[in-house]
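Lettering of chains follows the sequences in order, A, B, ..., and the numbering in each one begins at 1. As the structure is a prediction and not an experimental result, all values here were calculated from the model.
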Amino acid sequence: MSQKVAGVKGMNDLLPGEIEIWQHVEAQARELFSRFGYGEIRTPMVEDTALFVRSVGEETDIVGKEMYTFNDKADRSLSLRPEGTAPAARAYIEHSIANQEPLTRWFYTGPMFRYERMKTGRYRQFYQIGAEAYGAKEGAQDVEMMDMVVQFLERLGLKDITLNINSLGDEACRPTYHAKLVEYLQAHREALCTDCQRRMEKNPLRVLDCKNEKCQAIAAAGPNVLETLCEPCRAHFDDVQRKLTALGIRHVVNPRMVRGLDYYTRTVFEFIASHPALGTASTVGAGGRYDKLVKSLGGPDAPAVGFACGLDRLVLLLKESGQQFAVRPDVFVAVADAGSHDPALVLASRLRREGLRVEFDTRGGSLKSQMKRADKSSADFTLVLGEAERTSGQAKLKPMAGGEPIPVALDEVARVVRERKAVPK
RNA sequence: GCGGCCAUAGCUCAACUGGUUAGAGCGCCGGACUGUGACUCCGGAGGUUGCCGGUUCGAUCCCGGUUGGCCGCCCCA
């Protein structure tokens with residue numbers, strides 16, 4: 001066993017039987033996002049390490065301890081991307097998109113990498129599907145994006161997902177709140193858990209969502225970020241809430257919601273699922289506005305908002321939902337005698353060219369074993385080809401779910417199968 | 001990074017307090033049914049009990065280490 005090759009910890013294989021769910025999720029996203037006018041981008045999985053340090057934030061856990069960082073042969077420090085917003089922003093800047101169109105909507109999907117402890121719904125190579133909109137500072141853009149996520153989750157048939165929103169303010173009011181909070185926490189230092197005493201120094205906002213009851217009580221009684229927003233931020237947040245309501249999107253204002261990346265300003269949001277299978281990995285999608293990020297990376301002064309959904313977690317929920325995504329063959333072509341093997345191969349080929357999904361056991365074998373295989377494949381029909389069929393040009397389509405065999409000319413198989421499938425019994 | 005639980009056939013699990021060739025169900029393959037799957041019956045293949053070492057006359061069982069998985073913390077999608 002120890003001699004056997006093995007995959008890297010936290011990085012999983014996706015095989016047929018499960019991959020269909022992933023394909024379904026991605027197909028739904030592509031179709032929906034294009035309705036919203038979002039175009040797909042694909043950026044490299046590796047970027048200059050500095051990109052993430054400058055955008056996500058040097059003090060964040062993601063950059064501080066979770067990045068896969070290495071030096072290439074020219075001694076450049078590179079990192080496997082831990083998230084998708086920074087690479088997208090880099091591409092937006094690099095291709096001078098702002099000079100070509102005032103409002104840009106992009107989406108992406110692909111693997112992200114973070115070196116951390118393995119758990120359900122939390123892997124070292126995980127998959128996100130996300131979107132970014134550049135150029136609009138208006139609350140309508142925040143709302144459009146949340147609406148897109150809502151519709152995405154709806155389409156997947158996922159229930160019991162709550163949208164939490166908050167505003168973190170901007171460069172004008174955030175420092176004010178930050179100072180107030182630190183002052184308040186200092187006064188209650190002794191009552192906080194040891195983790196929070198540490199958080200106070202490093203990232204005071206984190207105290208707000210500590211699970212400890214005492215800390216929660218203290219945080220609840222402390223300064224509220226929403227009450228310290230400056231006027232423009234206040235107006236923006238009110239506008240977002242008004243528009244969400246206009247769209248009928250249910251949401252909860254959670255003034256203690258904090259995000260782990262430094263680049264967010266104003267609106268932040270999280271989609272939280274309540275299904276027990278996810279355990280503590282209950283956030284299935286999250287995002288927010290980052291009006292200063294593009295400029296801070298050397299680009300134009302472009303406001304932006306984005307989100308990302310964790311595909312691993314969505315797939316987990318879909319598995320729990322019991323929905324079926326397997327692709328079934330239309331016809332299984334079985335061979336009755338050795339002399340019919342080649343003609344059957346030719347028939348299968350032709351049927352595929354005519355658009356059918358055809359399963360054919362290239363190993364031959366007894367008819368019985370082929371029938372078993374046909375059953376296992378869950379094909380809709382089985383067609384047995386033998387000497388009789390070849391001389392007469394006539395065969396029978398056997399419905400595997402039961403029922404009378406359907407006589408069919410070998411030239412008409414594709415047409416008949418399509419007719420039968422179009423009219424479910 | 002910290003704390004706890006676990007590891008036996010492809011899958012889900014057995015095996016009295018350490019005792020002979022480690023079992024069952026499902027799955028897989030074949031047969032009963034020589035041109036028709038599922039149900040039933042019969043048979044077969046498949047394990048260095050995760051790996052390495054230790055204690056013992058003897059280890060799936062006890063001890064140490066290691067790798068992997070799960071749960072909580074941290075944090076996040």
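Without hydrogens or angle criteria, A:S366 side chain to A:S369 main chain gives a donor-acceptor distance under 3.5 Å.
At B:G69, one or more side-chain N or O atoms of A:K9 fall inside 4.0 Å of OP1 or OP2 (strictly under the cut-off). At the phosphate of B:C29, neither OP1 nor OP2 sits under 4.0 Å from any side-chain N or O atom of A:R373. Between A:K119 and B:C70 there is no side-chain N or O to OP1 or OP2 distance below 4.0 Å.
Here A:V284 lies in heavy-atom contact (under 4.0 Å) with sugar-phosphate atoms only. The residue A:E387 sits close to a base: some heavy atom pair falls under 4.0 Å. Within the 4.0 angstrom heavy-atom criterion, no nucleotide atom of any strand lies near A:E270. Using a 4.0 Å heavy-atom cutoff across all strands shown, A:A388 reaches at least one base atom of the nucleic acid. Using a 4.0 Å heavy-atom criterion, one finds that A:S369 contacts the sugar-phosphate atoms exclusively. Backbone-only engagement by A:L261 is indicated by non-hydrogen atom pairs under 4.0 Å involving sugar-phosphate atoms exclusively. Within 4.0 Å (heavy atoms only), A:R114 reaches at least one base atom of the nucleic acid. Residue A:G121 is in base contact, counting any heavy-atom pair closer than 4.0 Å across all strands shown. Contacts of A:F307 with the nucleic acid, taken as non-hydrogen atoms under 4.0 Å apart, are absent. Residue contacts for A:M112: at a heavy-atom cut-off of 4.0 Å it reaches no nucleic acid atom on any strand shown. Note on A:T280: a base of the nucleic acid sits closer than 4.0 angstrom, heavy atoms only. Residue A:G10 is classed as a sugar-phosphate contact, given heavy-atom separations below 4.0 Å to backbone atoms only.
Of the two residues near RNA chain B, A:A336 and A:Q128, the one whose nearest nucleotide lies more 5' is A:A336. Ranked by how close their nearest RNA chain B nucleotide is to the 5' end, A:R117 and A:C309 are led by A:R117.
By the stacking rule of 5.5 Å between ring centres and under 30° between planes, A:F126 stacks on the base of B:A77.
Taking atom CG of residue A:L278 and atom C1' of nucleotide B:C71, one finds them 15 Å apart after rounding to whole Å. The nearest whole Å value for the distance from the CD1 atom in A:I62 to the P atom in B:G1 is 18 Å. Rounded to whole angstrom, the span from the CE atom of A:M257 across to the C1' atom of B:C75 amounts to 16 Å. Taking atom NZ of A:K396 as the reference point, atom C1' of B:U36 lies 11 Å away to the nearest angstrom. Spacing between atom CE of A:M67 and atom P of B:C76 amounts to 15 Å, rounded to whole angstrom units. Between the NE2 atom of A:H275 and the P atom of B:A77 there is a distance of 22 Å, given to the nearest Å. Distance, A:D361 CG to B:U36 C1': 15 Å, rounded to whole Å. Rounded to whole Å, atom C1' of B:C73 lies 10 Å from atom CZ of A:R122.
With rounding to the nearest 0.5 Å, the separation of CD1 in A:I129 from CD in A:Q28 is 10.5 Å. Rounded to the nearest 0.5 angstrom, A:L78 CG and A:L51 CG are separated by 11.5 Å.
With C1' as the reference atom, B:U20 and B:G25 are 26 Å apart, rounded to whole Å. One P atom belongs to B:C6, the other to B:C61, and the distance between them is 14 Å to the nearest Å. B:G10 and B:C5: their C1' atoms are spaced 25 Å apart (whole Å). Rounded to whole Å, the separation between the C1' atoms of B:A9 and B:G47 comes to 6 Å. B:G18 and B:C57 have their P atoms separated by 16 Å, with the value rounded to a whole Å. Remark: the separation of the P atoms in B:A38 and B:G31 is 12 Å, to the nearest Å. With both ends at atom C1', the span from B:C75 to B:G1 equals 11 Å, rounded to whole Å. Between B:A7 and B:U49, the two P atoms lie 15 Å apart (nearest whole Å).
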Problem set entry | 5'-to-3' dot-bracket of RNA chain B (Watson-Crick, G-U; under 3.5 angstrom; crossing pairs as [ ]; | other strand) | (((((((..((((.....[...)))).(((((.......))))).....(((((..]....))))))))))))....

Exercise. Hey, mind stepping through A:R155 and A:E31 against salt bridge (charged side-chain N to carboxylate O under 4.0 Å, His left out) and telling me if it holds?
Worked result: CA-CA 11 Å; A:R155 255 176 188 246; A:E31 211 284 318; 3.0 Å; yes

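The side chain of A:M400 sits closest to B:G37 out of B:G37, B:U36, B:C70. Taking the side chain of A:T120 as heavy atoms from C-beta on, and the options B:C70, B:A77, B:G37, the nearest nucleotide is B:C70.
In terms of polar N and O atoms assigned as donor or acceptor, the side chain of A:R206 never comes within less than 3.5 Å of the base of B:C75 in a complementary pairing. Side-chain N/O atoms of A:E66 and base N/O atoms of B:G1 include no donor-acceptor pair closer than 3.5 Å. In the interface, the side chain of A:R313 is paired with the base of B:C76 through a donor and an acceptor atom under 3.5 Å apart. No donor-acceptor contact under 3.5 Å links the side chain of A:K368 to the base of B:G35.
Aromatic pair A:F271/A:H251: centroids not less than 6.0 angstrom apart. A distance of 6.0 Å or more separates the ring centres of A:F36 and A:F107.
A:K398 and A:E404 are not joined by a salt bridge, as no carboxylate oxygen comes within less than 4.0 angstrom of a charged side-chain nitrogen. Salt-bridge formation is not detected for the pair A:R390/A:E387: no Lys NZ or Arg NE/NH1/NH2 atom is positioned less than 4.0 Å from an Asp or Glu carboxylate oxygen.
The aromatic rings of A:H188 and A:Y184 sit tilted, their planes meeting at an angle between 30° and 60°.
Annotation: cation-pi pair A:R114/A:Y68 absent, no NZ/CZ under 6.0 Å from the ring centroid and within 45° of its normal.
Enclosure of atom CD in A:E320 by more than 12 non-hydrogen atoms of other residues, nucleotides or ligands within 6.0 angstrom is indicated.
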